[in-house]
Amino acid sequence: MSATPDIVVVGSINADLVVRVARHPQPGETLHGTGGGVSPGGKGANQALAAALLGGHVALVGAVGDDAHAEGALALLRASGADLDAVRTVPGPTGLAVVTVDARGENTIVVVPGANATMTAPSLDGDADTVSAARVVVLQGEIPRDGIERAASLCTGRLILNPAPVLDLDRDVLLAADPLVVNEYEAGLVLAQLVERPASPEDADAPEATLRALLAEGAASVVLTLGAAGALVGTRSGVDVDVEHVPAVAVDAVDTTGAGDAFTGALAVRLAAGDDLAAAARFAARVSALAVQREGAQPSYPSLEELG
Ligand code: ATP
């Protein structure tokens with residue numbers, strides 16, 4: 001790897017195969033789609049791209065397969081200048097998300113992990129120095145649990161953990177995050193795990209109480225994203241807790257796919273630059289507001305110039 005990257009993302013890389021249909025097919029039924037295509041995706045790749053486009057010095061640690069989808073899955077990352085030296089090619093398919101969107105915008109998603117399933121703890125042996133040298137390490141929930149936990153244990157800088165989809169991660173890993181980045185649904189599930197009780201719908205309905213409970217359990221900081229309602233930023237210093245609401249930027253949203261990943265990538269850039277968490281979240285809200293005004297996930301992410 002050339003120079004030490006400030007931000008290292010360890011995570012998933014997918015090809016998103018999106019098909020548009022008037023209505024979802026029944027089992028056994030064949031329908032004509034109204035459109036579709038393949039675009040790059042995966043939460044790790046999305047967050048790495050968002051950060052790289054915003055001027056972050058970013059490296060992605062991940063895996064693609066030796067199939068036809070691999071190159072497309074990395075195309076925008078490659079163009080962004082992100083460091084892909086630690087993306088390996090393994091035998092078998094690249095991670096694939098098959099997304100079917102109907103006329104009402106309702107979707108069904110099937111994710112085949114493919115090469116992402118090889119991102120286990122031992123697979124990170126060769127990347128240990130890269131991860132431990134990073135100022136900011138960014139992790140999500142789309143690689144195997146032991147890979148996430150190993151990457152977290154290698155982090156000597158600041159750990160941003162976006163446990164989506166929610167995995168049953170080690171308590172110490174959840175509490176090492178600074179911040180834990182979760183939406184309402186994920187916040188409730190992580191809290192239920194930390195307090196060892198079943199998840200309750202009330203956790204998602206009362207986000208500020210859930211955020212305060214996460215901090216009370218020992219989280220150093222939490223960013224709880226609320227879609228068009230913005231985000232709550234909670235920090236704890238000893239017994240002192242501070243909660244700030246960061247509003248979303250009011251825009252006409254066209255497609256919110258990947259908004260959370262744009263937000264997390266932007267957060268990483270500003271935290272690596274030394275901003276405090278609330279300031280970083282205000283920047284991330286501007287970035288994701290631009291992303292929701294364009295179609296798709298990665299193709300919707302803005303550059304620093306576009307932010308003005
Ligand atoms: P996804 O899984 O779709 O990527 P998420 O559930 O992880 O999303 P959200 O809470 O939906 O994340 O969105 C993250 C951030 O993006 C919000 O905190 C907000 O700043 C911004 N955002 C999302 N939706 C909108 C919107 N309709 N208008 C403006 N900003 C938005």
Side-chain angles (χ1 to χ4, degrees), residues 9 11-14 16 18 39-51 53-54 97 99 101 105-111 138-142 160-167 177 179-191 203-208 210-211 214 221-234 243-271 275 277-302 306-307:
V9 180
S12 57
I13 303 166
N14 286 338
D16 289 351
V18 182
S39 58
K43 296 188 77 65
N46 288 352
Q47 295 179 10
L49 179 74
L53 291 174
L54 296 167
V99 184
V101 187
E106 301 261 8
N107 61 28
T108 64
I109 305 178
V110 178
V111 179
V138 189
L139 305 175
Q140 319 76 29
E142 287 188 337
I160 301 178
L161 175 61
N162 173 216
V166 176
L167 288 175
L180 195 59
V181 182
V182 281
N183 64 20
E184 296 116 301
Y185 169 75
E186 292 147 7
L189 290 182
V190 172
L191 179 62
D203 296 330
D205 292 345
E208 183 169 342
T210 304
L211 174 131
L214 288 168
S221 64
V222 179
V223 177
L224 201 162
T225 64
L226 301 162
L232 293 171
V233 177
V243 179
E244 184 174 333
H245 177 234
V246 172
V249 180
V251 293
D252 286 327
V254 172
D255 181 356
T256 63
T257 312
D261 292 335
F263 187 98
T264 302
L267 208 58
V269 170
R270 294 316 310 168
L271 291 178
D275 275 14
L277 187 57
R282 284 191 288 273
F283 175 77
R286 288 174 54 215
V287 170
S288 42
L290 277 177
V292 301
Q293 292 175 77
R294 298 196 278 233
E295 294 275 346
Q298 290 191 17
S300 75
Y301 292 172
E306 289 172 276
L307 273 179

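Hydrogens, waters and symmetry mates play no part in the numbers below; they use all other heavy atoms, side chains included. All ligand and atom numbering here is 1-based and tracks the order in the structure.
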Do you know which two heavy atoms are closest between A45 and G41, and how far apart they sit? CB-O, 3.5 Å

Element-labelled atoms of ligand 1 that are located less than 4.0 Å from some non-hydrogen atom of G258: 3 (O), 4 (O)

Can you report which non-hydrogen protein atom sits closest to atom 18 (O) of ligand 1, along with the distance? G230 O, 2.9 Å

Which residue holds the protein heavy atom closest to atom 20 (O) of ligand 1, what is that atom called, and what is the gap in Å? S288 OG, 3.6 Å

Can a side-chain donor-acceptor contact be found between Q140 and N162 if the only test is distance below 3.5 angstrom? no

Heavy-atom protein neighbour under 4.0 angstrom from atom 2 (O) of ligand 1: no

Nearest protein heavy-atom contact for atom 6 (O) of ligand 1: which residue, which atom, what distance? N183 ND2, 3.0 Å

Which part of V246 is near ligand 1, with near meaning a heavy atom under 4.0 Å away: side chain, backbone, both or neither? neither

Could you tell me the separation between the CG atom of L232 and the CD atom of E208, rounded to the nearest 0.5 Å? 6.0 Å

What atoms in ligand 1 come closer than 4.0 Å to a heavy atom of A259? 4 (O), 16 (O)

Quick one: which ligand 1 atoms are inside 4.0 Å of a heavy atom on A253? 27 (N)

How does T225 reach ligand 1, by side chain, by backbone, by both or by neither, if only non-hydrogen atoms under 4.0 Å count? both

Identity and separation of the nearest protein heavy atom to atom 30 (N) of ligand 1: A248 CB, 3.7 Å

Return a yes/no value for G227: is any of its N or O atoms, backbone included, closer than 3.5 angstrom to an N or O of ligand 1? yes

Tell me the closest heavy-atom pair linking A229 and H245, and the distance in Å. O-NE2, 2.8 Å

Give the residue and atom name of whichever protein heavy atom lies nearest to atom 29 (C) of ligand 1, and the separation in Å to one decimal. V249 O, 3.3 Å

Show your reasoning for whether side chain to side chain contact (heavy atoms under 4.5 Å, CB included) applies to V182 and L189. CA-CA 10 Å; V182 281; L189 290 182; over 6 Å; no

Quick one: are E184 and L224 in side-chain contact, heavy atoms under 4.5 Å? yes

If you measure every N or O of G260 against every N or O of ligand 1, does any of those distances drop under 3.5 Å? yes

Pairing residues for R294 by the salt bridge (charged side-chain N to carboxylate O under 4.0 Å, His left out) criterion, not counting sequence neighbours: E306

Is there side-chain contact between L307 and L54, with heavy atoms separated by less than 4.5 Å? yes

Is it the case that ligand 1 has an N or O less than 3.5 angstrom from some N or O of T257? no

Any side-chain heavy-atom pair of P165 and E142 under 4.5 Å: yes

Considering only heavy atoms, does A228 approach ligand 1 within less than 4.0 Å through its side chain, its backbone, both, or neither? both

Less than 4.5 Å apart, side chain to side chain, heavy atoms only: is that true for L267 and P179? yes

Atoms in ligand 1 with a heavy atom of V251 nearer than 4.0 Å: 28 (N), 29 (C)

